[in-house]
Number of protein chains: 2
Amino acid sequence: MENKKLPHDHGTHTLEIFKGTYENRSFEDAADIFSLVSDSTRLKIFCLLCHTEDCVINIAAAVQMSSPAVSHHLRVLKNARLISSRKAGKEVYYTVADTREAELLHAAVDKMMEIRGCDTL
Amino acid sequence: MENKKLPHDHGTHTLEIFKGTYENRSFEDAADIFSLVSDSTRLKIFCLLCHTEDCVINIAAAVQMSSPAVSHHLRVLKNARLISSRKAGKEVYYTVADTREAELLHAAVDKMMEIRGCDTL
DNA sequence: CACTCACTTAAACGATTAAACAATTATTTA
DNA sequence: TAAATAATTGTTTAATCGTTTAAGTGAGTG
């Protein structure tokens with residue numbers, strides 16, 4: 001990006017856009033977060049946990065998947081700090097995490113649904 | 001979801017969440033849109049085009065990728081109506097599309113960057 | 001009319017990812 | 001302590017995704 005020039009000069013400031021702004025790492029981090037909800041089952045689980053707290057087998061029943069599959073997705077979401085868990089007896093209860101990323105994603109998903117003409121929860 | 005019961009009754013309303021709200025198809029559609037920016041190079045291209053309009057080889061130079069690779073990503077983004085294009089002579093100019101989805105994604109990405117402590121454009 | 005440049009398309013390869021199954025860990029209860 | 005249940009982990013298989021290479025289309029130029 002330094003002193004390079006664009007192949008064509010159309011009077012744009014295209015190269016300047018990336019100067020002194022987001023680092024490459026930032027794009028990767030942001031893309032990683034979006035990839036968490038780029039899978040419909042994971043998005044469904046996240047949305048569910050935005051509105052309730054429940055254990056693995058109940059979540060599995062709600063999204064109609066096996067426990068191991070749900071557990072796997074839950075781990076992915078938890079590693080990204082989008083959901084949190086608490087242990088109570090034999091069960092582990094999951095719900096949305098209290099982070100700004102989770103809050104943003106929840107808002108973004110709701111607005112996306114709204115744009116696409118879906119009823120809101 | 002109809003008259004099923006959860007394996008465990010913890011007094012939650014987990015199954016109710018999915019009743020009469022988003023359809024399964026809605027989750028898939030929303031996930032598809034998020035998957036568009038779940039790739040860092042595509043996110044980078046989208047962000048770039050949110051702030052400028054330029055031709056393929058200039059975009060390719062800015063993100064340091066080959067023209068075919070960029071062209072491929074541009075088509076994906078355009079099919080999803082996140083970006084638009086206009087032809088001028090030999091060149092094709094791309095920029096962000098004037099849709100609510102694009103607007104939402106742009107806002108979401110900016111906020112994501114802000115949360116993660118990045119400078120804004 | 002041929003040449004060059006800009007872009008697109010197609011095919012192939014490598015890498016990532018999800019789902020299904022089996023096995024293991026951990027906790028409660030009898 | 002043994003049995004039962006909940007959840008996690010690891011593995012395998014299949015599919016998806018992104019990139020690259022090479023060929024092809026089309027517009028401008030000498």
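Bear in mind that the values here come from a model prediction, so they are computed numbers and not experimental data. Chain letters run A, B, ... following the sequence lines, proteins first and then strands; every chain starts at 1. Heavy atoms only: backbone and side chains are in, while hydrogens, waters and symmetry mates are out.
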* Asked: Whole-Å distance between D:dT8 C1' and A:I57 CD1?
  -> 14 Å
* Asked: Looking for any heavy atom pair under 4.0 Å, which part of the strands does B:A69 touch: base, sugar-phosphate only, or nothing?
  -> base
* Asked: Hey, is the main chain of A:Y93 close enough, under 3.5 Å, to the side chain of A:S85 for a donor-acceptor pair?
  -> no
* Ignoring hydrogens and geometry, is there a side-chain-to-backbone donor-acceptor pair from A:S71 to A:P68 under 3.5 Å? -> no
* Should A:R75 be listed as having a side-chain N or O under 4.0 Å from OP1 or OP2 of D:dT9? -> yes
* How about A:D98: does its CG atom have over 12 heavy atoms from other parts shown lying under 6.0 Å from it? -> no
* Return no unless some side-chain N or O of B:R42 is found under 4.0 Å from OP1 or OP2 of D:dG18. => yes
* To do: Please determine, by modelled atom types, if A:T52 and A:D54 share a side-chain donor-acceptor pair under 3.5 angstrom.
  => no
* d(OH, A:Y94; P, D:dA6) in whole Å -> 15 Å
* To do: Report which part of the nucleic acid B:T41 touches: base, sugar-phosphate, or nothing (heavy-atom distance under 4.0 Å, all strands).
  => sugar-phosphate
* Asked: Closest to the B:K90 side chain: C:dT9, C:dA18, D:dA27?
  -> D:dA27
* Which nucleotide in the set D:dA7, C:dA22, C:dC7 lies at the smallest distance from any side-chain heavy atom of A:S71? -> D:dA7
* To do: Answer yes or no: does a side-chain N or O of A:H73 lie under 4.0 Å from OP1 or OP2 of C:dA19?
  => yes
* Spacing of B:K78 atom NZ relative to C:dT9 atom C1', expressed in whole Å -> 15 Å
* Structure fact -> Taken to the nearest whole Å, CD/A:E91 to C1'/C:dT27 is 10 Å
* Structure fact -> Closest to the 5' end of DNA chain C, once A:G89 and B:V56 are matched to their nearest nucleotides, is B:V56
* Roughly, in whole Å, what's the span from CZ in B:R86 to P in C:dC7? -> 12 Å
* Check for a donor-acceptor pair, side chain of A:S40 on one end and backbone N or O of B:F27 on the other, with a separation under 3.5 Å. => no
* Spacing between A:E28 atom CD and D:dG18 atom C1', to the nearest angstrom -> 14 Å
* To do: To the nearest Å, give me how far apart NE2 (A:H72) and P (C:dA23) are.
  => 20 Å
* Structure fact -> Rounded to whole Å, CE of A:M65 lies from C1' of D:dA7 at a distance of 15 Å
* To do: Starting from the 5' end of DNA chain C, give me the residue, A:D39 or A:P68, whose nearest nucleotide shows up first.
  => A:D39
